[in-house]
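Okay, so here's the structure we're looking at.
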There are 2 protein chains.
Amino acid sequence: MARQKSEQVRKAIMEAAHRLFMEKGYIATTISSIARAAGTSQSNVYVYFASKFEIAFAVFDPWLRAKVAELEEQVMAQDTPEACLRSLIDGLLHGIAADRSGQTLTLVQALATAKPGDEYNPDLLIWTMSRIHNMIGGALPGSDPAEREALTHSLMLAFDGIALRQNLRRGEIEDSLSVDALYMMVRALVDRRSHASS
Amino acid sequence: MARQKSEQVRKAIMEAAHRLFMEKGYIATTISSIARAAGTSQSNVYVYFASKFEIAFAVFDPWLRAKVAELEEQVMAQDTPEACLRSLIDGLLHGIAADRSGQTLTLVQALATAKPGDEYNPDLLIWTMSRIHNMIGGALPGSDPAEREALTHSLMLAFDGIALRQNLRRGEIEDSLSVDALYMMVRALVDRRSHASS
DNA sequence: TTTTTAACCGAATGACATTCGCTATTGACA
DNA sequence: TGTCAATAGCGAATGTCATTCGGTTAAAAA
């Protein structure tokens with residue numbers, strides 16, 4: 001019955017936002033600058049997205065899914081369970097949570113400043129956890145499901161921790177130390193299992 | 001040579017801020033409301049603190065130190081190494097990182113929205129890590145220093161993760177699962193050590 | 001064509017943190 | 001004990017944002 005939203009404009013807004021968030025972070029990026037970079041007006045941005053928060057989430061979602069898919073390939077390419085685990089932990093924490101392009105940092109800022117109405121779809125979180133659970137299953141076939149669940153939760157916790165530090169404790173703690181420590185503990189847990197069964 | 005800042009006013013500002021941050025969080029608390037509750041003017045708040053960020057940090061610092069000191073007593077009161085570790089992990093993660101009064105949440109919000117000039121003194125972080133390191137030493141006398149270091153880092157990482165979730169993933173992930181998983185891994189690491197040495 | 005809906009725009013609005021210009025107090029010193 | 005200089009304290013700006021409003025106009029349906 002009437003004029004339709006242009007896929008081109010939506011894409012331009014998302015691309016402009018993606019670039020600006022990467023360069024300046026979520027907070028320092030203004031709707032005005034996104035609009036300018038996308039070649040439209042400030043108010044028109046609100047025709048496509050309900051809020052700044054929604055833009056951040058729209059940009060982050062496909063980025064994270066692509067990163068996780070990439071990680072999955074990398075993990076599957078390893079031959080030993082140890083190499084799989086190491087690759088999973090490194091890729092998840094160094095590669096994604098601590099990612100240099102600042103996407104994770106942007107999401108942390110967006111979530112930290114979210115207003116009561118700003119809610120996000122938990123699908124992404126659920127999907128990510130199920131992928132990790134799956135990768136752990138692949139790395140440790142025949143392992144106890146409860147143990148896989150525990151490992152998944154520990155990795156998600158570490159993911160959040162590293163993500164937070166990107167922002168808050170810039171350079172104050174060397175992430176590699178924490179990642180190595182976590183890997184050491186995971187190995188201890190896994191080794192214990194194989195000892196017990198042998 | 002001139003008028004002095006009143007310790008009473010400083011205290012009133014900090015107490016008002018403490019209460020409001022607890023009730024509404026950092027972002028929803030305005031300087032104006034802090035000033036009103038403290039019985040002074042908005043602009044006078046800036047005579048005592050350089051920024052909103054600085055107020056949050058001034059409130060958080062003594063709160064965290066007290067909490068950690070309390071945790072130390074609790075941990076020391078345990079008899080077995082297992083009980084010490086369990087008490088340390090529970091107290092640190094459930095008691096402090098996920099604390100109900102919202103202090104940690106406030107700090108996360110403050111740090112996430114910090115502007116370039118807003119920097120905080122790393123003393124608090126260093127002090128906290130050294131206390132944890134110490135508690136681990138007490139729980140596992142004779143343990144490898146490198147292992148203690150690794151455990152300290154893992155706990156700090158988990159601390160950050162839980163703190164983030166207070167804000168970002170409200171109720172989406174059950175923290176207890178993550179904490180239990182972490183404890184399980186720590187136990188595996190510790191047990192491995194005692195097996196190897198026996 | 002005509003009609004009608006919603007994209008699109010420029011100009012508000014409303015919240016805030018932070019700053020400014022001024023007044024009043026008070027601590028040091030004569 | 002009086003003088004004065006620094007600064008606590010205050011009310012009123014400023015400037016920056018996200019978000020909304022009112023009007024205009026392109027384009028889908030009729």
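For clarity, every value in this text was computed on a predicted model and none was experimentally measured. Lettering of chains follows the sequences in order, A, B, ..., and the numbering in each one begins at 1.
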Completion exercise
Under a 4.0 Å heavy-atom criterion, the protein footprint on nucleotides 14-19 of chain C, written with B, S and -, is --SSBB
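Ion pairing between A:D180 and A:R86 holds under the 4.0 Å rule for side-chain N and carboxylate O. Ion pairing of A:R148 with A:D144 is absent here, as no side-chain N (NZ or NE/NH1/NH2) approaches a carboxylate O to less than 4.0 Å.
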Listed pairs, N/O of protein and of nucleotides 7-9 of chain D, under 3.5 Å:
from: D:dA8; atom 1: OP2; to: B:K5; atom 2: NZ; distance (Å): 3.2
from: D:dG9; atom 1: OP2; to: B:N44; atom 2: ND2; distance (Å): 3.0
from: D:dG9; atom 1: OP2; to: B:Y48; atom 2: OH; distance (Å): 2.4
from: D:dG9; atom 1: O5'; to: B:N44; atom 2: ND2; distance (Å): 3.1

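Figure legend: cation-pi geometry between A:K52 and A:Y26, with NZ or CZ positioned under 6.0 Å from the six-membered ring centre and within 45° of its axis.
The only member of B:M22, B:H18, B:E54 that meets side-chain contact (heavy atoms from CB on, under 4.5 Å) when paired with B:V59 is B:H18.
For CZ of B:R65, the number of neighbouring non-hydrogen atoms (other residues, nucleotides, ligands) closer than 6.0 Å is greater than 12.
Between the side chain of A:K67 and the backbone N or O of A:D99 there is no donor-acceptor pair closer than 3.5 Å.
Checked against side chain to side chain donor-acceptor pair (under 3.5 Å), B:E15 has no partners two or more places apart in sequence or in another chain.
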